[in-house]
K.L.:
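Here it is, the structure, as structure tokens.
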Amino acid sequence: MYIKIPYEFDPNNPFEVIDLPQDTSAWLKAVYKHLECTTIDVASTIFPDLVLVLDDNGKMTDDWPSKINQLASALYPSFWDPIVGNVILARRSFSELEPLTREDIEQITTFYATRF
């Protein structure tokens, strides 16, 4: 399971738990579809083992300020560099990206419940 955090904030449904394929090629194709992009990057979060998978070119369009993802930006350790577009939250294990654990999802749910 992974968490998709859309940039369009809905207080009743701030994020979506999604499944992604295990096969690397199929995983990447699914990520591109969820993020609506063609290149990705990985950014750290305030949680040591969790990362944000995001559109590498998210800030390359003129309308990027309208796509600031406030929920994902709250997880990013830099206040001056907002996260743009849809984001997928994953677990980092060495150089691999893995699904989140139930504990990770509970931790994120608690984090958002106390802030938004």
Side-chain angles (χ1 to χ4, degrees):
M1 294 182 290
Y2 296 83
I3 291 178
K4 177 182 176 182
I5 308 170
Y7 72 89
E8 295 172 317
F9 180 68
D10 176 358
N12 297 318
N13 191 19
F15 58 83
E16 176 185 355
V17 177
I18 61 172
D19 286 317
L20 296 173
Q22 290 185 345
D23 173 71
T24 303
S25 178
W27 185 91
L28 192 55
K29 185 176 179 178
V31 167
Y32 289 153
K33 182 178 178 184
H34 280 286
L35 299 184
E36 301 171 11
C37 70
T38 58
T39 59
I40 61 170
D41 198 2
V42 176
S44 60
T45 70
I46 58 174
F47 299 105
D49 296 329
L50 304 182
V51 294
L52 301 168
V53 180
L54 49 94
D55 179 357
D56 189 37
N57 294 322
K59 294 181 186 165
M60 303 292 273
T61 62
D62 292 335
D63 68 340
W64 74 264
S66 68
K67 295 181 180 178
I68 291 175
N69 190 322
Q70 294 192 13
L71 292 180
S73 294
L75 292 174
Y76 190 56
S78 174
F79 296 113
W80 57 270
D81 190 16
I83 300 297
V84 174
N86 296 330
V87 172
I88 294 175
L89 192 59
R91 174 169 272 283
R92 181 186 311 197
S93 177
F94 300 101
S95 63
E96 299 290 321
L97 297 181
E98 299 178 346
L100 301 171
T101 64
R102 291 201 184 278
E103 292 80 20
D104 294 333
I105 293 172
E106 289 173 13
Q107 182 179 32
I108 294 302
T109 302
T110 301
F111 174 81
Y112 284 136
T114 60
R115 285 167 180 76
F116 294 96

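What you see is a predicted model; the values in this text were computed from it and never measured.
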K.L.:
Can you see which heavy atom on Ser44 is nearest to which on Pro77, and at what distance?
P.N.:
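Looking at all heavy atoms of both residues, the closest pair is O-CD, 3.5 Å.
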
K.L.:
Tell me if a side-chain donor or acceptor on Thr45 pairs with a main-chain N or O of Leu75 at a distance below 3.5 Å.
P.N.:
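Such a contact is absent between Thr45 side chain and Leu75 backbone.
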
K.L.:
Can you give me the closest heavy-atom contact between Gly85 and Asn69, atom names plus distance?
P.N.:
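The pair with the smallest heavy-atom distance is O-ND2, 2.9 Å.
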
K.L.:
Indicate if Leu50 and Trp27 have the same hydrophobic cluster label, given that clusters are the connected sets of ILVMFWY residues with side-chain heavy-atom separations under 4.5 angstrom.
P.N.:
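No, Leu50 does not connect to Trp27 through the hydrophobic network.
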
K.L.:
Applying the 4.5 Å side-chain criterion to the ILVMFWY set and letting contacts propagate, would Leu89 and Tyr2 be lumped into a single cluster?
P.N.:
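Looking at the clustering, Tyr2 is in a separate group from Leu89.
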
K.L.:
Give, for atom CZ of Arg91 and atom CE of Met1, the distance between the pair rounded to the nearest 0.5 Å.
P.N.:
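One gets 12.0 Å once the value is rounded to the nearest 0.5 Å.
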
K.L.:
What closest approach, in Å, do Leu20 and Ile18 show between heavy atoms, and which atom pair accounts for it?
P.N.:
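Nearest heavy atoms, Leu20 then Ile18: CD2-CD1, 4.0 Å.
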
K.L.:
Stepwise, does the side-chain contact (heavy atoms from CB on, under 4.5 Å) test hold for Phe15 with Leu71?
P.N.:
CA-CA 9 Å; Phe15 58 83; Leu71 292 180; 5.5 Å; no

K.L.:
Determine whether Val42 and Arg92 satisfy the following criterion, side-chain contact (heavy atoms from CB on, under 4.5 Å), listing intermediate values before the conclusion.
P.N.:
CA-CA 10 Å; Val42 176; Arg92 181 186 311 197; 3.7 Å; yes

K.L.:
Please answer whether the main-chain N or O of Asp81 pairs with a side-chain N or O of Tyr76 as donor and acceptor at a distance below 3.5 Å.
P.N.:
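Between the backbone of Asp81 and the side chain of Tyr76 there is no qualifying donor-acceptor contact (under 3.5 Å).
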
K.L.:
Check whether any side-chain N or O of Asp41 sits under 3.5 Å from a backbone N or O of Leu54 as a donor-acceptor pair, and report yes or no.
P.N.:
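Checked: no pair found.
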
K.L.:
For Leu35 and Val53, which heavy atoms make the closest approach, and how far apart are they?
P.N.:
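The answer is CD1-O, 3.6 Å.
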
K.L.:
Drop me the distance from His34's NE2 to Asn86's CG, to the nearest 0.5 angstrom.
P.N.:
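His34 atom NE2 to Asn86 atom CG measures 10.0 Å (nearest 0.5 Å).
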
K.L.:
Using 4.0 Å as the upper bound for N to carboxylate O, is an ion pair formed by Lys29 and Asp23?
P.N.:
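No, Asp23 and Lys29 are not salt-bridged.
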
K.L.:
Kindly compute the distance separating CD1 (Ile40) from CG (Leu97), expressed to the nearest 0.5 Å.
P.N.:
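Reported to 0.5 Å precision, the distance equals 7.0 Å.
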
K.L.:
How long is the gap from CG on Asp49 to CD on Glu98, to the nearest 0.5 Å?
P.N.:
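Answer for the CG-CD pair, Asp49 versus Glu98, is 10.0 Å.
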
K.L.:
In terms of hydrophobic clusters joined by side-chain contacts under 4.5 Å, are Val87 and Ile46 together?
P.N.:
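Yes; Ile46 is reachable from Val87 via cluster members.
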
K.L.:
Parallel, tilted or perpendicular: which one describes the rings of Phe111 and Phe47, with boundaries at 30° and 60°?
P.N.:
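Judged by the thresholds at 30° and 60°, the geometry between Phe111 and Phe47 is perpendicular.
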
K.L.:
Do Leu100 and Val17 make a side-chain contact, defined as non-hydrogen atoms from C-beta onward lying under 4.5 Å apart?
P.N.:
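With C-beta onward as the side chain, the pair stays apart.
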
K.L.:
Might you work through the side-chain contact (heavy atoms from CB on, under 4.5 Å) test for Asp55 and Thr39, ending with a clear yes or no?
P.N.:
CA-CA 6 Å; Asp55 179 357; Thr39 59; 4.2 Å; yes

K.L.:
If every non-hydrogen atom of Pro82 is compared with every non-hydrogen atom of Ile68, which pair is closest and at what distance?
P.N.:
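Closest heavy-atom pair between Pro82 and Ile68: CB-CG2, 3.9 Å.
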
K.L.:
Between Pro14 and Phe9, which heavy-atom pair has the shortest distance, and what is it?
P.N.:
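Smallest interatomic distance, heavy atoms only, reads CB-CE1, 4.1 Å.
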
K.L.:
Are Tyr7 and Ile83 close enough, and set up right, to give a side-chain contact (heavy atoms from CB on, under 4.5 Å), and what steps lead you there?
P.N.:
CA-CA 9 Å; Tyr7 72 89; Ile83 300 297; over 6 Å; no

